[in-house]
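Just so you know, ligand 1 is whichever comes first in the structure, and atom 1 is the first atom listed for that ligand. These numbers come from a predicted model, not from an experiment.
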Amino acid sequence: MKTRITELFGIEYPIICGGMLWLATPELCAAISNAGALGNITACNYDTGEDLREAIQKAKQLTNKPIGINITLLPSMRFTEAIYDDFFRVCAEEKVAAIEVSGKPAVKYLDMLHKAGVKVMHKVGAVRHAKNIERYGYDAVIAAGIEEGGHPLNDDVTLMVLLPRIAETVNIPVIATGGIADGRGLAAAMSLGAEGVLMATRFIATRECDVHPKIYDELIQRQENETTLICKSLGLQGRALKNKLAEHVLELEAQGSGLAELIPLLSGQKAKEAWKTGETDTAAFMVGQSVGLVKEVTTCEELIQSMVREAKETLQKNLARF
Ligand SMILES: Cc1cc2nc3c(=O)[nH]c(=O)nc-3n(C[C@H](O)[C@H](O)[C@H](O)COP(=O)(O)O)c2cc1C
């Protein structure tokens, strides 16, 4: 498969792993990159730039293929501006293939990154933001539908509409995310103007993702209607699996609770532990509606191969109908 995205990042297939706090580790990243897609290390897993450098070097020992880094520029109590500066500087020094930025645009770092040969993409949920990303000089833009796990934009537009709207508006390559977990989604995204797809939830159900086996069972059992948007009232909505914790957060929001009451419930440390213990009611699991498409646990290699095969079959089958 050849698109401007495979060319840009030097990868075999136009499939990218998105940022996943605590889960996108050097090991998972390398497994995805070795399978011909673009793996991801999430910078916010680490406290300092030097810790991130260590993770990048670990991934480089496990793969000689291109790797990507997610840097999330959302309001944070853990990170100062100086730490973000270090994250970007380390990525430039380590000459990673790509950075996926979410949240605030990373305009001040673009020049340094481009000089180091690092390609930069930004995740957006609106056409107006995609236009800005192109104007700032990014290499690619990610259209993120409301279906996505993590923090979809509060415009609440589905990928089905957002993707063709962004693809018809900008000239830089567009990557689709939100609700994609198999080859049918890859084929659909390409048909709507994407040159690549980015997934997260589906990558959790891989052998190389370091979660408790109970998490695999939970993902396989849960359906597409079993996620919800929490923290909408705070202006920072997040899509999470419906569980006791999410219900409690929604109740508190309905009663008018603010950041001070909600923050302790949503601590990143709780989620970090829960992925490992398999305790599924005590933390916010930020998974997307694509959880309904997760049917089995595979290796990353099996996942990528089956997606590419299924995308081709889907496109051929549909072409035969015209
Ligand atoms: C467990 C998990 C953690 C995530 N953490 C982050 C993150 O730290 N930064 C970010 O930009 N996106 C994060 N996301 C969002 C993904 O990168 C991606 O945009 C989204 O999940 C795509 O939708 P999908 O899960 O349906 O594939 C996370 C998603 C999941 C499932």
Side-chain angles (χ1 to χ4, degrees), residues 15-25 28-29 32 37-46 52 68-76 78-79 84 87 98-106 120-125 141-153 158-160 162-163 175-182 185-186 188-189 194 196-206 209-212 215-216 218-219 222-224 226-227 229-230 236-241 243 266 268 270-272 274-276 280 283-294 303 307:
I15 303 172
I16 298 165
C17 178
M20 288 198 284
L21 187 62
W22 309 131
L23 302 183
T25 59
L28 179 61
C29 173
I32 295 169
L38 186 71
N40 182 296
I41 298 174
T42 296
C44 296
N45 292 343
Y46 307 97
L52 174 62
I69 308 294
N70 166 277
I71 303 181
T72 303
L73 292 175
L74 288 175
S76 163
R78 269 179 74 208
F79 301 110
Y84 284 124
F87 283 162
I99 299 185
E100 176 214 12
V101 187
S102 60
K104 223 173 69 181
V120 196
M121 48 188 159
H122 199 105
K123 197 149 59 185
V124 304
V141 65
I142 305 160
I146 183 69
E147 305 91 329
E148 72 158 342
H151 294 285
L153 185 72
T158 62
L159 186 66
M160 193 80 184
L162 184 69
L163 173 57
I175 298 156
T177 197
I180 299 167
D182 57 29
L186 172 58
V197 297
L198 179 143
M199 315 189 299
T201 302
R202 179 61 187 86
F203 280 117
I204 307 174
T206 59
C209 186
D210 186 17
V211 291
H212 193 281
I215 299 287
Y216 291 147
E218 191 75 9
L219 294 181
R222 295 303 199 102
Q223 301 304 312
E224 58 282 358
E226 294 188 76
T227 69
L229 289 169
I230 57 173
L236 187 64
Q237 65 181 5
R239 183 172 294 287
L241 198 64
N243 64 5
L266 299 168
K270 276 191 175 182
K272 187 178 183 179
W275 292 117
K276 293 276 191 288
T280 51
F285 292 99
M286 308 306 285
V287 305
Q289 292 182 342
S290 57
V291 71
L293 296 166
V294 175
L303 171 63
M307 279 187 71

Checklist line | Nearest heavy atoms of Ala271 and Ala284, plus distance in Å | finding: CB-O, 4.0 Å

Check: Just going by heavy-atom distances, which of Gly149, Gly145, Gly19 is nearest to atom 4 (C) of ligand 1?
Finding: Gly19

Check: Between Glu147 and ligand 1, is there a nitrogen or oxygen pair with a distance under 3.5 Å?
Finding: no

Item checked: Whether Gly179 lies under 4.0 Å from ligand 1, heavy atom -> yes

Check: Which of parallel (below 30°), tilted (30 to 60°) and perpendicular (above 60°) describes Trp275 and Phe285?
Finding: perpendicular

Margin query: I want to know if ligand 1 touches Leu198 in the polar sense, i.e. an N/O pair below 3.5 angstrom.
Written below: no

Notebook entry, point to check: Can you find an N or O of Gln289 that's nearer than 3.5 Å to an N or O of ligand 1?
Noted result: no

Notebook entry, point to check: Are any of the N/O atoms in Val287 less than 3.5 Å from those in ligand 1?
Noted result: no

Check: Between Arg239 and Glu148, is the closest basic N to carboxylate O distance under 4.0 Å?
Finding: no

Margin query: Using a 3.5 Å cut-off on N or O atoms only, is Gly150 in polar contact with ligand 1?
Written below: no

Notebook entry, point to check: Does ligand 1 have any atom that is closer than 4.0 Å to a heavy atom of Gly178?
Noted result: yes

Next item on the list: State whether the shortest distance between N or O atoms of Ser102 and N or O atoms of ligand 1 falls below 3.5 angstrom.
Entry: yes

Notebook entry, point to check: Is any N or O atom of Thr42, backbone or side chain, closer than 3.5 Å to an N or O atom of ligand 1?
Noted result: no

Checklist line | Non-hydrogen atom of Trp275 closer than 4.0 Å to ligand 1 | finding: yes

